[in-house]
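Remarks on the structure that follows.
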Amino acid sequence: MKFIIAIDSLKGCLTSAEANHAAAEGIRSLMPDTDIIELPVSDGGEGWLTPFVERLGWQPVECQAHDPLNRPIRALYATNGLCAAIEIAQACGLTLLSPNERNPLVATTRGVGDIIVHAIEHGTREFIVGLGGSATSDAGMGMIDVLRDKEILEKTDHLRFTIATDVQNPLCGHNGAAHVFAPQKGATPAMVEQLDERARRFAETSARLLGHDFSNAPGAGAAGGLGYAFMQYLNAQCQLGARLLMELLHFDQLVSDADLVITGEGRADRQTLMGKLPFALMKGTRVPTLVLAGQVSDRHMLLDAGFVDVICINPPNTPMAVAMQKDVAIEGIKQAIRTFLSSGADHH
């Protein structure tokens with residue numbers, strides 16, 4: 001048998017590679033000699049660089065940047081010489097801040113601009129940017145300031161940007177960046193209103209300046225409005241991160257003779273069906289696709305959509321603090337795989 005394992009990171013608990021490895025160990029404990037391909041994956045958030053480096057052989061590059069509070073840090077991107085993969089969480093990620101430092105009114109995307117400038121100065125002309133895991137809600141103003149200071153905005157004709165996200169929200173309004181995402185970045189209800197108004201004013205000014213307006217485009221609200229800044233100022237094309245990555249990894253070829261695809265994420269529910277990584281993988285193949293998740297709801301909806309099974313890796317009523325422990329999650333994945341394979345006659 002041949003297995004493809006492509007589990008998204010379980011945020012704050014396991015990286016994609018760690019989750020994949022746990023699943024592979026679960027398989028090998030029952031089927032020692034089987035063929036397993038482990039694909040580190042991401043739909044644009046943390047871990048976006050890993051498949052470029054580990055599967056595609058791109059070179060990691062370290063550069064000087066700034067974190068969301070404008071403190072100097074070292075950030076990574078990956079390059080194949082002409083094209084750079086950027087993970088915005090490297091510079092403006094929520095994980096770079098402690099919980100009491102979270103404040104989207106002051107958090108800046110300046111560091112993303114630093115990475116882009118470094119890559120351009122080293123010959124990059126094409127960018128694939130993973131938008132996810134940000135601590136910011138500045139509509140990309142910090143990034144734009146850096147690019148303007150370096151006079152890059154005047155010569156974007158020879159640059160090509162593709163942004164990868166599973167977020168379809170616009171920049172402003174009740175479905176916009178501030179209202180939907182800022183509360184989880186530390187925003188109070190009053191801050192949400194301020195952030196939304198600030199983004200609206202920036203979009204109005206930008207529309208007058210440039211003669212076009214991308215504030216309502218799907219994906220404009222990604223990464224606190226960074227999606228908007230990329231589309232409005234850098235003419236970026238927006239794509240679903242999972243689908244883009246599948247194309248780059250030639251997923252259809254890898255999976256053509258597989259017997260089972262194993263995917264997963266931290267929480268599997270009806271939102272999984274809105275273009276998130278497990279759904280994109282399942283839709284991209286006719287191979288039975290199993291989902292593992294730390295939390296599961298709407299299970300019947302997921303099964304109706306076509307997944308062969310949806311398994312929660314934690315026993316019912318497991319406290320979140322326990323479920324988030326790395327060794328607990330690893331053991332849960334192994335056990336879920338063993339249970340599924342042992343009852344394999346029901347599935348195949």
Side-chain angles (χ1 to χ4, degrees), residues 1-11 14 16 19-20 22-24 26-27 30-31 34-45 47 51 55 132 164-168 218-219 238-314 316 332-348:
M1 288 183 78
K2 178 180 174 180
F3 296 86
I4 306 283
I5 309 177
I7 304 173
D8 204 351
S9 63
L10 278 60
K11 281 198 184 70
L14 297 179
S16 172
N20 288 347
I27 295 168
L30 295 178
M31 308 164 77
T34 198
D35 185 9
I36 300 173
I37 294 177
E38 297 176 46
L39 292 178
V41 286
S42 162
D43 51 18
R55 287 294 305 184
T165 177
D166 65 349
V167 167
Q168 298 293 294
C238 186
Q239 290 196 32
L240 280 175
R243 202 169 291 156
L244 176 63
L245 194 59
M246 284 162 63
E247 284 173 21
L248 289 164
L249 295 174
H250 302 296
F251 180 75
D252 53 346
Q253 288 164 278
L254 290 173
V255 82
S256 60
D257 59 344
D259 297 283
L260 182 70
V261 173
I262 299 166
T263 183
E265 58 187 338
R267 182 180 176 82
D269 55 24
R270 66 185 61 205
Q271 291 200 334
T272 300
L273 305 178
M274 308 217 176
K276 288 201 159 179
L277 189 121
F279 187 64
L281 288 178
M282 189 263 287
K283 280 297 187 195
T285 175
R286 290 197 173 88
V287 176
T289 303
L290 167 69
V291 177
L292 307 178
Q295 293 175 290
V296 173
S297 55
D298 310 314
R299 184 168 181 271
H300 283 293
M301 198 181 280
L302 295 168
L303 292 173
D304 288 346
F307 291 109
V308 67
D309 204 352
V310 182
I311 302 177
C312 183
I313 63 170
N314 295 301
I333 289 173
K334 289 183 192 174
Q335 190 53 49
I337 290 287
R338 286 194 284 259
T339 302
F340 177 83
L341 293 177
S342 299
S343 61
D346 304 336
H347 300 291
H348 299 302

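What you see is a predicted model, and the numbers here were worked out from it, not measured in a lab. This chain uses plain numbering: 1 for the first residue, then up along the sequence.
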For [X] against [Y], the heavy-atom pair lying closest together:
| X | Y | value |
| --- | --- | --- |
| Ile262 | Ile27 | CD1-CD1, 3.7 Å |
| Ser16 | Pro40 | OG-CA, 3.3 Å |
| Met1 | Thr34 | O-OG1, 2.6 Å |
| Pro278 | Phe307 | O-CE2, 3.5 Å |
| Glu38 | Ala24 | OE2-CB, 3.4 Å |
| Thr165 | Cys238 | CG2-SG, 3.8 Å |

Pairwise side-chain contact, [X] with [Y], heavy-atom cut-off 4.5 Å (strictly under):
| X | Y | result |
| --- | --- | --- |
| Val261 | Met282 | no |
| Leu39 | Pro51 | no |
| Val308 | Val291 | no |
| Ile37 | Phe3 | no |

Report summary line: Taken to the nearest 0.5 Å, the spacing of Ser9 OG from Asn20 CG works out to 10.5 Å
Report summary line: One should read off an interatomic distance between Leu260 CG and Ile4 CD1, to the nearest 0.5 angstrom, of 9.5 Å
For [X], give me all partners under side chain to side chain contact (heavy atoms under 4.5 Å, CB included), at least two apart in sequence or on another chain.
| X | answer |
| --- | --- |
| Ser256 | none |
| Ala19 | Ile7, Leu10, Leu14, Ile333 |
| Ala336 | Leu292, Ile311, Ile313 |
| Met274 | none |

Spell out, as yes or no, whether a donor-acceptor pair under 3.5 Å connects the side chain of [X] to the backbone of [Y].
| X | Y | result |
| --- | --- | --- |
| Thr289 | Val287 | yes |
| Asp8 | Gly264 | no |
| Thr285 | Leu281 | no |

Tabulate below the donor-acceptor pairs under 3.5 Å that side-chain atoms of residues 239-252 make, not counting sequence neighbours, or state none.
| unit_1 | atom_1 | unit_2 | atom_2 | d |
| --- | --- | --- | --- | --- |
| His250 | ND1 | Gln253 | OE1 | 3.4 |

**Report entry** Side-chain donor-acceptor pair present, Thr272, Arg267, cut-off under 3.5 Å
**Finding:** no
**Report entry** Step-by-step side chain to side chain contact (heavy atoms under 4.5 Å, CB included) determination, Glu265 to Leu277
**Finding:** CA-CA 8 Å; Glu265 58 187 338; Leu277 189 121; over 6 Å; no
Query - Lys11 atom NZ, neighbour heavy-atom count above 12 within 6.0 Å - result: no
**Report entry** Passing option when Arg299 is tested against Asp309, Asp304, Asp269 for side-chain hydrogen bond (donor to acceptor under 3.5 Å, both in side chains)
**Finding:** Asp309
Query - Asp298: salt bridge (Lys or Arg N to Asp or Glu O under 4.0 Å) partners, not counting sequence neighbours - result: Arg270
Query raised in the report: Salt bridge check: are Asp257 and Lys2 linked by an N-O gap of less than 4.0 Å?
Result: yes
